Amino acid sequence: MKELVVLSGKGGTGKTSIVGSFAALAKGKVLADCDVDAADLHLLLSPSVKQESEFWSGRVAVIDEEKCTQCGLCQELCRFKAITDFKVDPISCEGCGYCYHACPVEAITMKESMSGHWFISDTRYGPLVHARLGIAQENSGKLVAVVRQQAKQIAEEKSLDYIISDGPPGIGCPVVSSLSGADLALLVTEPTLSGMHDLERVLGVCRHFGVPALVCINKYDLNEENTRQIESNCLSQGVKVEGRIPFDNVVTRSIVQGVPVVDYSDGRVTREIKRMWDILSMMLRNGSKG
Amino acid sequence: MVISVASGKGGTGKTLVATSLALSLKDREKVQLLDCDVEEPNAHLFLKPTFTHSKTVSIPIPKVDEERCAYCGKCAEACHFNAIAVMKEKVLIFRELCHGCGVCSYVCPESAISEDGREIGVVELGYSDGVRFVQGTLIVGEPIAPPVIREVKESAGRGGIVIIDVPPGTSCPVVEAVKGSDFCILVTEPTPFGLNDLALAVETMRELDIPCGVILNRAGVGNGKVEEYCKKEGIPILLTIPLDTEIARLYSRGITLAEGMPEWKEHFLALFNRIREITNERISSAKR
């Protein structure tokens with residue numbers, strides 16, 4: 001079983017449209033939506049939820065007003081400035097428990113909090129593991145780890161060939177959690193200065209965690225000079241550009257219809273995504289690490 | 001006044017809006033732009049600032065004096081982030097997992113734990129054509145962005161109009177960036193993805209009690225569901241930017257709307273006036 005994760009650094013470059021299309025093209029796979037704080041893959045796959053589970057991970061400090069002597073030690077010690085006027089702001093509290101350990105009159109308890117849900121669903125393309133982090137919650141990295149672990153378990157039980165993950169934007173904790181230990185990363189970029197800048201940083205994260213990466217330039221014809229620049233930057237770092245998808249409103253139209261673009265149109269976008277999946281699936285089968 | 005520019009979904013045009021708003025306002029107001037998207041800071045590509053200062057951002061991480069350590073394991077037990085493992089005769093610190101809370105050194109009965117600064121990012125300050133500019137950059141490979149965001153916000157000068165470019169999503173980096181704002185602009189696009197993530201962003205702002213309004217970008221593709229949603233929820237649509245390949249091409253070269261199509265300056269000024277009205281009304285109704 002091989003795991004492919006689709007990342008981008010910059011948001012909105014087309015990760016989910018590409019993963020949705022791979023879902024339609026790949027045989028024997030489980031899908032994982034690792035963008036747990038703004039998940040969108042379900043909008044293309046119309047899942048029916050088979051199993052829903054609570055995600056308990058966070059905890060917050062609670063001060064018992066009756067016991068509190070207002071000595072102020074907790075406020076002084078808290079490094080996240082989460083306590084003012086002897087009250088804890090649950091949004092700022094990181095749940096570290098320093099105040100709980102330090103309170104001289106044991107007025108502070110740590111309360112477990114539910115920070116989201118995760119789901120196992122059926123889709124017309126196969127199983128999907130997805131999640132929803134609670135509003136303004138922490139621990140997105142841990143929830144991503146749960147999603148990946150569940151996807152892996154399904155792949156093992158059903159002897160599936162691939163795990164295909166839709167990753168979050170950025171380079172921080174949920175990205176690290178989506179990437180570490182994956183077999184291959186596909187980085188989707190666009191020929192804009194922002195896209196190029198962000199690609200360099202996410203490539204750095206892939207190198208840092210030793211995951212081989214390939215690049216796809218979406219909307220490549222928006223600025224062909226920038227596209228050439230991306231290609232030469234990648235070449236100089238030994239990274240292959242395996243896809244060049246043209247700009248076409250058909251992608252947006254397919255999103256509005258709620259289907260992957262490869263099931264919506266036979267045009268050039270679809271042809272290029274199919275070609276890209278053929279290459280990626282071959283690389284995954286042959287072991288991309290070599 | 002602090003105005004943050006957020007979105008839920010990435011790539012909807014936050015940076016284009018934040019930089020265009022800053023440049024449209026700068027002749028009228030004292031303006032600061034804070035790039036709090038420290039994982040992928042991009043506003044500098046548009047404003048091309050000259051940086052005059054920079055400072056590193058560190059978080060304190062534990063350092064164990066193995067001479068003193070009794071390997072009792074209390075530190076590992078207290079650490080909520082699983083950043084310490086105590087073996088028979090060895091303490092392992094997983095530096096990337098540490099949030100720098102300090103609980104380990106507090107609970108250690110042998111006083112064997114001191115703290116070392118660990119560099120996770122940098123904050124740079126400068127100017128761009130009359131706009132004061134502050135940006136934070138998380139070091140590649142580091143997972144924890146909020147301390148860098150906090151430092152960016154603390155480096156802002158007082159007074160004037162502060163515009164914050166917020167990272168995408170709805171989790172802790174977003175909360176850290178928007179906290180304390182007087183108003184939040186949510187930039188979206190008229191697609192099911194845009195709508196789904198807009199609704200999440202609206203819930204986040206409600207949780208934080210920050211008033212918000214919407215900018216609809218790339219209008220003309222997609223469907224009318226975002227407008228329907230905004231109407232139903234009573235969220236004003238403050239500005240509509242059409243899908244226009246010319247705007248996309250300017251953006252690809254790092255050119256803001258205020259520079260590339262100066263007629264947009266007026267729209268951004270009107271946007272600002274509208275936001276000022278909304279926040280003033282809110283203040284006066286709170287007083288009543």
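Every value quoted in this text rests on a predicted model; they were computed, and no experiment measured them. Sequence lines set the chain letters: A, B, ... in the order given, protein chains first and strands last, and positions in each chain run from 1.
A donor-acceptor contact closer than 3.5 angstrom is absent between the side chains of S252(B) and T192(A). Side-chain contact, N42(B) with D198(A): a donor N or O sits under 3.5 Å from an acceptor N or O. If you check the side chains of S8(A) and K15(A), you find a donor sitting under 3.5 Å from an acceptor. Between the side chains of N233(A) and Q237(A), no donor-acceptor pair is found at a separation under 3.5 Å. Residues T256(B) and Y251(B) have side chains that never bring a donor and an acceptor to within less than 3.5 angstrom of each other.
Interface remark: P169(A) contributes backbone and side-chain atoms alike to the contact with chain B (heavy atom separation under 4.5 Å). Contact annotation for R206(B): neither backbone nor side-chain heavy atoms come within less than 4.5 Å of a heavy atom of chain A. Contact of Q137(A) with chain B is made through the backbone alone, with heavy-atom distances under 4.5 Å. Only the side chain of V175(B) comes within contact range of chain A, with at least one heavy atom under 4.5 Å from a heavy atom of that chain. A248(B) touches chain A through backbone and side chain together, each having a heavy atom under 4.5 Å away. For F193(B), the parts lying under 4.5 angstrom from a heavy atom of chain A are both the backbone and the side chain. For E190(A), the part lying near chain B is the side chain, with the backbone staying farther off; criterion is any non-hydrogen pair under 4.5 Å. Heavy atoms of P167(B) lying under 4.5 Å from chain A are absent altogether. Y100(A) does not touch chain B: none of its heavy atoms, backbone or side chain, sits under 4.5 Å away. S57(A) touches chain B through its backbone: at least one of N, CA, C or O sits under 4.5 Å from a heavy atom, while the side chain does not. For a residue to count as touching a neighbouring chain, one of its non-hydrogen atoms must lie under 4.5 Å from one of that chain's; by this rule K179(B) touches chain A with the side chain only. Residue contact with chain B, scored on non-hydrogen atoms closer than 4.5 Å, is absent for T13(A). For a residue to count as touching a neighbouring chain, one of its non-hydrogen atoms must lie under 4.5 Å from one of that chain's; by this rule P173(B) does not touch chain A. Only the side chain of E96(B) comes within contact range of chain A, with heavy atoms under 4.5 Å apart. Residue I59(B) does not touch chain A at all, counting heavy-atom pairs closer than 4.5 Å.
Between H130(A) and H42(A), the ring planes lie parallel to each other; the angle is under 30°, not in the 30° to 60° tilted range.
Checked for salt-bridge contact, E259(B) and R253(B) miss the test: no charged N lies under 4.0 Å from a carboxylate O. Using a 4.0 Å cut-off between a side-chain N of Lys or Arg and a carboxylate O of Asp or Glu, E176(B) and R150(B) qualify as a salt bridge. Under a 4.0 Å N-O distance rule, the pair E112(A)/R59(A) does not qualify as a salt bridge. A salt bridge is absent between R201(A) and E142(B); no separation between the charged side-chain nitrogens and carboxylate oxygens falls under 4.0 Å.
Contact count against chain A (heavy-atom pairs under 4.5 Å) is highest for G100(B) among P147(B), C79(B), G100(B). Among C96(A), G11(A), S194(A), the residue with the largest count of heavy-atom pairs under 4.5 Å with chain B is S194(A). The residue among A136(A), S115(A), S177(A), P168(A) with the most heavy atom pairs within less than 4.5 Å of chain B is A136(A). Of the listed residues (L195(B), V221(B), D37(B)), the greatest number of heavy-atom pairs within a distance under 4.5 Å of chain A belongs to V221(B). With chain A as partner, the option from V174(B), I144(B), T15(B), L138(B) having the largest number of non-hydrogen pairs under 4.5 angstrom is L138(B). If you tally non-hydrogen atom pairs under 4.5 Å between each of P60(B), G169(B), S7(B), S171(B) and chain A, the highest count goes to S171(B). In terms of heavy-atom pairs under 4.5 Å with chain B, the best-connected choice from C78(A), G9(A), S140(A), C99(A) is G9(A). The candidate with the highest count of non-hydrogen atom pairs below 4.5 Å against chain B, out of K142(A), M196(A), K219(A), R132(A), is R132(A). The candidate from G8(B), A201(B), A78(B), A43(B) with the greatest count of non-hydrogen atom pairs under 4.5 Å with chain A is A78(B). The residue among G97(A), G204(A), A102(A) with the most heavy atom pairs within less than 4.5 Å of chain B is A102(A). Chain B forms the most heavy-atom pairs under 4.5 Å with one residue out of L133(A), V176(A), N249(A), and that residue is N249(A).
You'll find the ring centres of H44(B) and H197(A) inside the 6.0 Å limit. The aromatic ring centroids of Y106(B) and H101(A) lie 6.0 Å or more from each other.
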Q | Steps toward side chain to side chain contact (heavy atoms under 4.5 Å, CB included) verdict (E138(A), C172(B)) | A | CA-CA 6 Å; E138(A) 299 181 0; C172(B) 24; 4.0 Å; yes
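Taking CG from L44(A) and OG1 from T123(A), the interatomic distance works out to 11.0 Å, rounded to the nearest 0.5 Å.
For the pair L73(A)/P104(A), a side-chain contact is recorded, criterion being any heavy-atom separation below 4.5 Å from C-beta on.
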